[in-house]
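One structure is given below, encoded as structure tokens.
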Amino acid sequence: MQNFVLHLPTKILFGKDTIANIGPETAAFGKKVLLVYGSGSIKQNTIYDQVTDSLASAGLTVIEHPGVKSNPVLSHVREGIKLAKEHGVEAVVAVGGGSVIDCAKAICAGAMVDHDVWLFFKGKKGVKAKLPLTCVLTLAAAGSEMNGGMVITNEETKHKFGTGNQLLKPEVSILDPTATFTVPANYTAYGAVDVIAHILEFYFTTTDPATPVQDRFMEGLVINTIESCRQVLAQPDDYQARADLMWCSTLALNGLTAAGLGLVGFPMHMIEHSLSALYDVPHGAGLSVVMPAWMSWRAAAAPAKFAQFARRVFNVNQRDDSKAAQQGITHLTNWFRDVGSPVTLTELAIPESAIPKIAANALALAKIWRLKEYDPEIIASILSTCS
Ligand code: NZQ
Ligand code: ZN
């Protein structure tokens, strides 16, 4: 167990009929707010009306910034920053999934500086202040509702970079599982894949040999994510299953699983971000292709943790660590297929000939994230096993 500091300042309101709190909770930070949301799902499922009624009842003046796209882009963030500055907003309200919340975080930070917001993502500037941020989560996946991360794509350079800062954690996040009832099967599955990836990035990259508390916690989160996702796909309005999946997605990337693991990395995300940057692939769909490939590559050199994962999560009964590891990866890959998430580049309509370009693109993020062992050859060799 390594030393750690864990600071979880985000106030979470979880459960049925919590969306009506967004007005009073936001009014605590100011009277003029920027409302950020996506391409319209909240207008089809009444969440928009619930949120705007609550903001109006709290006496707030609302400037809207709709149109966040999945895999949010820098140009839309810049427009939001301009709006926030012009109107002198005092807080930002994000209503959506990870794309909307990340876009809102970038606006919150960018509104407080004169330099371009992209410098945060290139690691050239650090976040020193942000506008207060309140969220209504509508999709269980990214965990952005309770963490300090944000991921934005620069459409000009075709880079999808993520950066993090403690200050970026939302002040308040409202998690009402009924808000996710309308998430379609594909994005329900992609979200569950993303949750599992967040857990396994830390589970497999920690170098600490003795993390029994975190291991069991993470293994349990993976098992619950698999079970609740399966139930949600069978019955999309199953409240309990949607609630379990939503809470798993928040716990997977709010800092709790990584506490005590020491230095960990995000190599599967480093590679996937290139698929999303270059081909606009849904984040979770890219991960279900990259994860088995990276896991097989890593397990070949160090099978023990992958064998533990196979035995504890998929009840693999195989004494040989290498064989057990591979069986566990096969079980996970089969589960990705079962829930309709792709497992090959071909299924993503990405040709094998694109692998060198993807590997070169990923290297830029590998450098910023200090993932020193990855060069284009290694990334290409990993991708060649999932083409
Ligand atoms: O645009 P709208 O109308 O909101 O439609 C969205 C979008 O088309 C739709 N949707 C969301 N809630 C819905 C719904 N449709 C029906 N009913 C609802 N209740 O779902 C689609 C996907 O939404 P999106 O926000 O893109 O998905 P997700 O939550 O998976 O977020 C993905 C983004 O999160 C980033 C990813 O890189 C990606 O850009 N991540 C952020 C992280 C962080 N901040 O810590 C970490 C993650 O690893 C991830 O990288
Ligand atoms: Zn992710």
Side-chain angles (χ1 to χ4, degrees), residues 10 19 36-48 50-51 66-74 76-77 94-106 121 133 135-153 159-165 168-170 173 175-202 232 236-237 242 245-246 249-250 252-255 258 266-277 280-288 290-291 341 365 369:
T10 305
I19 294 176
V36 181
Y37 58 95
S39 47
S41 67
I42 63 169
K43 290 197 170 174
Q44 283 129 35
N45 59 16
T46 80
I47 294 171
Y48 174 82
Q50 292 178 57
V51 167
V68 178
K69 67 176 283 296
S70 192
N71 294 322
V73 292
L74 181 58
H76 193 259
V77 168
V95 182
S99 291
V100 168
I101 298 172
D102 284 6
C103 177
K105 283 179 181 175
F121 294 88
L133 172 63
C135 306
V136 173
L137 182 67
T138 67
L139 197 163
S144 192
E145 64 278 9
M146 196 177 178
N147 73 28
M150 57 180 181
V151 182
I152 297 294
T153 296
H159 284 133
K160 181 181 171 82
F161 286 174
T163 189
N165 186 296
L168 289 172
K169 295 185 176 182
S173 284
L175 279 58
D176 179 343
T178 61
T180 64
F181 280 5
T182 52
V183 177
N186 60 348
Y187 274 100
T188 296
Y190 301 155
V193 171
D194 195 16
V195 173
I196 291 172
H198 297 154
I199 297 161
L200 299 188
E201 293 274 23
F202 299 151
V232 164
D237 63 353
R242 285 285 191 187
L245 187 56
M246 187 176 233
S249 78
T250 303
L253 204 57
N254 72 352
F266 238 43
M268 295 184 269
H269 274 70
M270 173 267 290
I271 299 172
E272 192 294 316
H273 282 184
S274 281
L275 300 183
S276 291
D280 204 15
V281 167
H283 177 56
L287 283 167
S288 54
V290 170
M291 281 170 72
S341 208
L365 184 53
W369 283 0

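Indexing begins at 1, ligand by ligand and atom by atom, following the structure's order. All residue numbers refer to positions in the sequence shown, counting from 1.
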The protein heavy atom nearest to atom 20 (O) of ligand 1 is Leu139 CD1, 3.4 Å
Does any non-hydrogen side-chain atom of Thr10 lie less than 4.5 Å from one of Glu145? no
In this structure, atom 44 (N) of ligand 1 is nearest to the protein heavy atom Asp102 OD1, 2.8 Å
For Gly97, the atoms of ligand 1 under 4.0 Å from one of its heavy atoms are 25 (O), 29 (O)
In terms of its nearest heavy atom to atom 12 (N) of ligand 1, the top option of Thr138, Leu137, Val136 is Thr138
Atoms of ligand 1 under 4.0 Å from any heavy atom of Ser144, numbered from 1 in the order shown, are 44 (N)
Of Asn147, Asp194, Asn254, the one whose closest heavy atom lies nearest atom 45 (O) of ligand 1 is Asn147
Ranking Lys160, His283, Glu272, Lys69 by closest non-hydrogen atom to atom 39 (O) of ligand 1, top hit is Lys160
Fill in: Gly162 near ligand 1 by a heavy-atom separation under 4.0 Å
no
Q. Does ligand 1 have an atom that lies less than 4.0 angstrom from a heavy atom of Gly191?
A. no
So for His269 against ligand 1, with non-hydrogen atoms under 4.0 Å, the contacting part is side chain
Counting heavy atoms under 4.0 Å, the part of Ser39 that contacts ligand 1 is both
The protein heavy atom nearest to atom 30 (O) of ligand 1 is Ala141 CB, 3.4 Å
Counting from 1 in the order shown, the ligand 1 atoms closer than 4.0 Å to a non-hydrogen atom of His273 are 50 (O)
For Gly149, the atoms of ligand 1 under 4.0 Å from one of its heavy atoms are 44 (N)
Note to self: In the structure I gave you, are the side-chain heavy atoms of Ser341 and Tyr190 within less than 4.5 Å of one another anywhere?
What the structure shows: yes
Do Met146 and Leu175 come close enough that some side-chain heavy atom pair is under 4.5 Å? no
query = Mind checking whether Gly143 has a heavy atom under 4.0 Å from ligand 1?
reply = no
closest protein heavy atom to atom 48 (O) of ligand 1 is His198 NE2, 2.6 Å
Quick look: Ile101 vs ligand 1, heavy-atom contacts under 4.0 Å, and the answer is neither
- Task: Just do the side chain to side chain contact (heavy atoms under 4.5 Å, CB included) check on His159 and Leu365 with the steps written out, would you?
- Result: CA-CA 8 Å; His159 284 133; Leu365 184 53; over 6 Å; no
Nearest non-hydrogen protein atom to atom 16 (C) of ligand 1, with distance, is Thr182 O, 3.2 Å
Any heavy atom of Ile42 under 4.0 Å from ligand 1? The part involved is neither
For Pro72, the ligand 1 atoms with a heavy-atom partner under 4.0 Å come out as 39 (O)
Judged by heavy atoms only, the candidate from Ala179, Ser99, Ala277 nearest atom 24 (P) of ligand 1 is Ser99
Among non-hydrogen protein atoms, atom 7 (C) of ligand 1 lies closest to Ser70 CB, 4.4 Å
Q | Close side-chain approach of Val136 and Gln50, heavy atoms under 4.5 Å | A | no
Filtering Ser41, Gly98, Gly286 for the heavy atom nearest atom 15 (N) of ligand 1 leaves Ser41
Quiz item: Mind checking whether His269 and Trp369 have side chains closer than 4.5 Å, heavy atoms only?
Solution: yes
Interatomic distance, CD1@Ile19 vs CG@Asp176, rounded to 0.5 Å, equals 4.5 Å
Q: Answer yes or no for atom 5 (O) of ligand 1: protein heavy atom present at a distance under 4.0 Å?
A: yes
Under 2.8 Å from the Zn ion (ligand 2), the protein N, O or S atoms found are Asp194 OD1, His198 NE2, His269 NE2, His283 NE2
Check: His283 ring centroid to His273 ring centroid under 6.0 Å: yes
So the atoms of ligand 1 within less than 4.0 Å of a heavy atom of Leu253 turn out to be 45 (O), 46 (C)
Honestly, for Pro282 the part within reach of ligand 1 (heavy atoms, under 4.0 Å) is neither
Residues at least two apart in sequence or cross-chain that pass side-chain contact (heavy atoms from CB on, under 4.5 Å) with Asn147, listed by chain then number, are Lys105, Ser144, Leu253
